[in-house]
Amino acid sequence: MEGLNQALGRLGRHGVQASVATFVSLLRSCCRLKALSVGRRVHAHIIRTGCIRDRFLGNLLIQMYGICGSLEEARAVFEKLREPNVYSWNIMFMAYAQNGSLVDARNVFDKMPRRNVVSWTAMITA
């Protein structure tokens with residue numbers, strides 16, 4: 001986790017510019033380590049740089065918050081996505097399901113405008 005904090009600390013200093021790829025790497029590490037506090041800081045940097053419009057990053061934020069058990073923050077990011085795609089819906093559904101919020105998971109599933117094999121498999125598994 002120390003390496004994550006160091007990488008995050010370098011962002012914005014000494015002309016280090018963050019890219020979408022940088023944020024993807026940091027968010028994946030936060031997921032792997034369940035590093036919610038660092039993930040929140042990454043989220044703040046994403047907002048500051050204007051990269052928040054990137055749907056892929058939005059989906060990763062939802063996933064990170066879900067893995068870390070912060071369903072309210074996952075939902076807040078989901079609600080702000082301009083055009084959630086099937087992956088966005090599936091990630092939000094899985095966040096609820098993996099945290100035992102099956103009623104909320106079912107509500108998301110019922111509201112999905114489109115479902116794919118992953119959606120149905122996740123629903124059956126949940």
Under 4.5 Å between side-chain heavy atoms, chaining through other members, with only Ile, Leu, Val, Met, Phe, Trp and Tyr counted: pull out the rest of the cluster around Val86, sorted by chain and number.
Tyr87
Any residue meeting side chain to side chain donor-acceptor pair (under 3.5 Å) with Arg40, in chain and number order, not counting sequence neighbours:
Glu73
Residues two or more places apart in sequence or in another chain: which of them pass ring pair (Phe, Tyr, Trp, His ring centres under 6.0 Å) with Tyr96?
none
When you look at CD of Glu72, are more than 12 heavy atoms from neighbouring residues, nucleotides or ligands closer to it than 6.0 Å?
no
From Met94 CE over to Ile62 CD1, what is the distance, rounded to the nearest 0.5 angstrom?
13.5 Å
Could you check if a side-chain atom of Phe93 sits within less than 4.5 angstrom of a side-chain atom of Ser119, using non-hydrogen atoms only?
no
Any chance you could measure His43, atom NE2, to Phe23, atom CZ, to the nearest 0.5 Å?
10.5 Å
Is Val108 close to Arg75 at the side-chain level, that is, under 4.5 Å between some pair of heavy atoms?
yes
Any side-chain donor-acceptor pair under 3.5 Å between Ser19 and Thr22?
yes
Closest approach of Leu36 and Ser70, non-hydrogen atoms and distance?
CD1-CB, 4.1 Å
Donor-acceptor pairs are to be reported for all side-chain atoms of residues 49-57 against protein atoms at under 3.5 Å, with residues two or more places apart or in another chain.
{"from": "Thr49", "atom 1": "OG1", "to": "His45", "atom 2": "O", "distance (Å)": "3.1"}
{"from": "Thr49", "atom 1": "OG1", "to": "Ile46", "atom 2": "O", "distance (Å)": "3.1"}
{"from": "Arg53", "atom 1": "NH1", "to": "Gly50", "atom 2": "O", "distance (Å)": "3.0"}
{"from": "Asp54", "atom 1": "OD1", "to": "Phe56", "atom 2": "N", "distance (Å)": "2.9"}
{"from": "Asp54", "atom 1": "OD1", "to": "Leu57", "atom 2": "N", "distance (Å)": "2.9"}
{"from": "Arg55", "atom 1": "NH1", "to": "Glu83", "atom 2": "O", "distance (Å)": "2.6"}

For Cys31, the side chain to side chain contact (heavy atoms under 4.5 Å, CB included) test, sequence neighbours excluded, returns Gln63, Met64, Ile67
What are the two closest non-hydrogen atoms of Cys68 and Ala35, and how far apart are they?
SG-N, 3.9 Å
ILVMFWY network linking Val117 to Ile91, side-chain heavy atoms under 4.5 angstrom:
no
Compare every heavy atom of Cys30 with every heavy atom of Val42, then report the nearest pair and how far apart it is.
CG2-SG, 4.4 Å
Should Asn59 and Val77 count as side-chain neighbours, where that means a heavy-atom distance under 4.5 Å?
no
Using residues 100-107 as the side-chain source, report each donor-acceptor pair under 3.5 Å to any protein atom, sequence neighbours left out, with the distance given to one decimal.
{"from": "Arg106", "atom 1": "NE", "to": "Asp110", "atom 2": "OD1", "distance (Å)": "2.9"}
{"from": "Arg106", "atom 1": "NE", "to": "Asp110", "atom 2": "OD2", "distance (Å)": "3.2"}
{"from": "Asn107", "atom 1": "ND2", "to": "Val103", "atom 2": "O", "distance (Å)": "3.4"}

In the structure I gave you, are the side-chain heavy atoms of Asn116 and Asn90 within less than 4.5 Å of one another anywhere?
yes
Please check this pair: side chain of Ser29 against backbone of Ser25, looking for a donor-acceptor N/O pair closer than 3.5 Å.
yes
What's the verdict on ring pair (Phe, Tyr, Trp, His ring centres under 6.0 Å) for Phe109 and Trp89, showing C-alpha distance, side-chain angles and the deciding distance?
CA-CA 8 Å; Phe109 184 82; Trp89 285 93; over 10 Å; no
